[in-house]
2 protein chains.
Amino acid sequence: MFAKHTGHPDQISDITPHPCETWPDNGRGFRETLDRIGDKWSVLVIGILSQGPLRFGILHQRVPGVSQRMLTLTLRHLERDGIVSRTVYAEVPPRVEYQLTPLGESLRETVRALAQWVTDHNDEIEDSRRNYDTR
Amino acid sequence: MFAKHTGHPDQISDITPHPCETWPDNGRGFRETLDRIGDKWSVLVIGILSQGPLRFGILHQRVPGVSQRMLTLTLRHLERDGIVSRTVYAEVPPRVEYQLTPLGESLRETVRALAQWVTDHNDEIEDSRRNYDTR
DNA sequence: CAGCATCCAGCCCGATACTG
DNA sequence: CAGTATCGGGCTGGATGCTG
């Protein structure tokens, strides 16, 4: 599917010391999983759920700009991947709560680190953009 | 670009104890920056560049599945954001090298942690998917 | 309340062709 | 080698309306 490199000799410009340190393997699954984590809403949802379980409505309010449809889809995907669990309470009106699974918990720190980085460097990046745009 | 939400009233329903612990602020920039990091190729490119500077062609070979067009676009975006720098050498044939800026370097650990997580839990996730799909 | 179904506009991104 | 230009299909994702 990929790695169909044209077969020329690796004329690596010897800049990097460790040639083995390339990407994990280019496996199909790797890409797929990365896409899931990297999609438009997952990180936000995981970040918010890392504070505790929440029901659908609250989640909807807390993720700025997400539509009902996309929140539902995102949650289904995360559920499918075993990152989030869904609990339906037999009440009326219906209540559904979402929370991180242990697998999801293990993503917590990473996601928060990412969010932290974005928060910390946001200004810097916006400056860079303005600079780049006006030249 | 987005966030043209119809302006619904904030009727937050007081369920959570700490109202401050929400997302950084829902700022426009935050979403935008997160989108950049989270887009299809950025993480891969940053991960590879974190091993050292590379020229365009090599990068193209090392990022599995990326088209020339998307690699160019991704690099332009990262350059605009100040994460990657681009150096053109006045030679023939032309040589252009890309490397992480200090800002990009500061993303290194986070990105590698993310990649590591995906690698570590990929199997688990694929199992979960299979399980989810057959019920 | 939580959500699915439907419609459909817009962009993402790959394929292809061309240039300095 | 390292791009730019252009085209077009597919998928993303918002809006709306309807259910249990």
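Each chain gets a letter, A, B and so on, in the order the sequences are listed, and its residues count up from 1.
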Contacts of type salt bridge (charged side-chain N to carboxylate O under 4.0 Å, His left out), residue Glu124(B), not counting sequence neighbours: none

Phe56(A) side chain: which of dG14(C), dG3(D), dA2(C) is closest? dA2(C)

Residues in side chain to side chain donor-acceptor pair (under 3.5 Å) contact with Ser106(B), at least two apart in sequence or another chain: Trp117(A)

Taking side-chain contact (heavy atoms from CB on, under 4.5 Å) as the test, write out the residues that go with Arg69(A), two or more places apart. Ser67(A), Leu73(A)

In whole angstroms, how far is the P atom of dA15(D) from the NE2 atom of His60(A)? 10 Å

To the nearest angstrom, the CZ-C1' distance between Arg55(A) and dA2(C) comes to 9 Å

Go through dG14(C), dG3(D), dG3(C) for me and flag the one nearest to the Val96(A) side chain. dG3(C)

Value in whole Å for how far the C1' atom of dG13(D) lies from CZ of Arg31(B): 12 Å

How close or far is atom C1' of dG3(C) from atom CZ of Arg95(A), stated in whole angstroms? 17 Å

Close approaches to DNA chain D from residues 70-89 of chain A, in residue order (heavy atom, under 4.0 Å): Met70(A)

Rounded distance in Å - CH2 (Trp41(B)) to P (dC13(C)): 9 Å

With sequence neighbours excluded, tell me which residues meet salt bridge (charged side-chain N to carboxylate O under 4.0 Å, His left out) with Asp120(A). none

Are the charged groups of Asp133(A) and Arg130(A) less than 4.0 angstrom apart, N to O? no

Value in whole Å for how far the C1' atom of dC1(C) lies from CG of Leu54(A): 15 Å

Could you tell me which residues satisfy side-chain contact (heavy atoms from CB on, under 4.5 Å) with Val92(A), sequence neighbours excluded, listed by chain and number? none

Non-neighbouring partners of Arg129(A) that pass salt bridge (charged side-chain N to carboxylate O under 4.0 Å, His left out), sequence neighbours left out: Glu32(B), Asp81(B)

Short heteroatom pairs, N/O only, protein and nucleotides 8-10 of chain C, under 3.5 Å:
none

Hey, is the side chain of Lys40(A) poking within less than 4.0 Å of OP1 or OP2 on dG14(D), counting only N and O atoms? yes

Excluding sequence neighbours, so at least two apart, what forms ring pair (Phe, Tyr, Trp, His ring centres under 6.0 Å) with Trp41(A)? none

Nucleotide-resolved protein contact map, nucleotides 15-20 of chain C, B/S/- at heavy-atom distance under 4.0 Å: B----B

Sequence-distant partners of Asp123(A), side chain to side chain donor-acceptor pair (under 3.5 Å), two or more places apart: none

Rounded to whole Å, how long is the line connecting atom CG of Leu59(B) with atom P of dC1(D)? 14 Å

Does a donor on one side chain and an acceptor on the other come within less than 3.5 Å for Ser128(B) and Asn131(B)? no

Suppose we screen for ring pair (Phe, Tyr, Trp, His ring centres under 6.0 Å). Which residues come up paired with His77(B), at least two apart in sequence or across chains? none

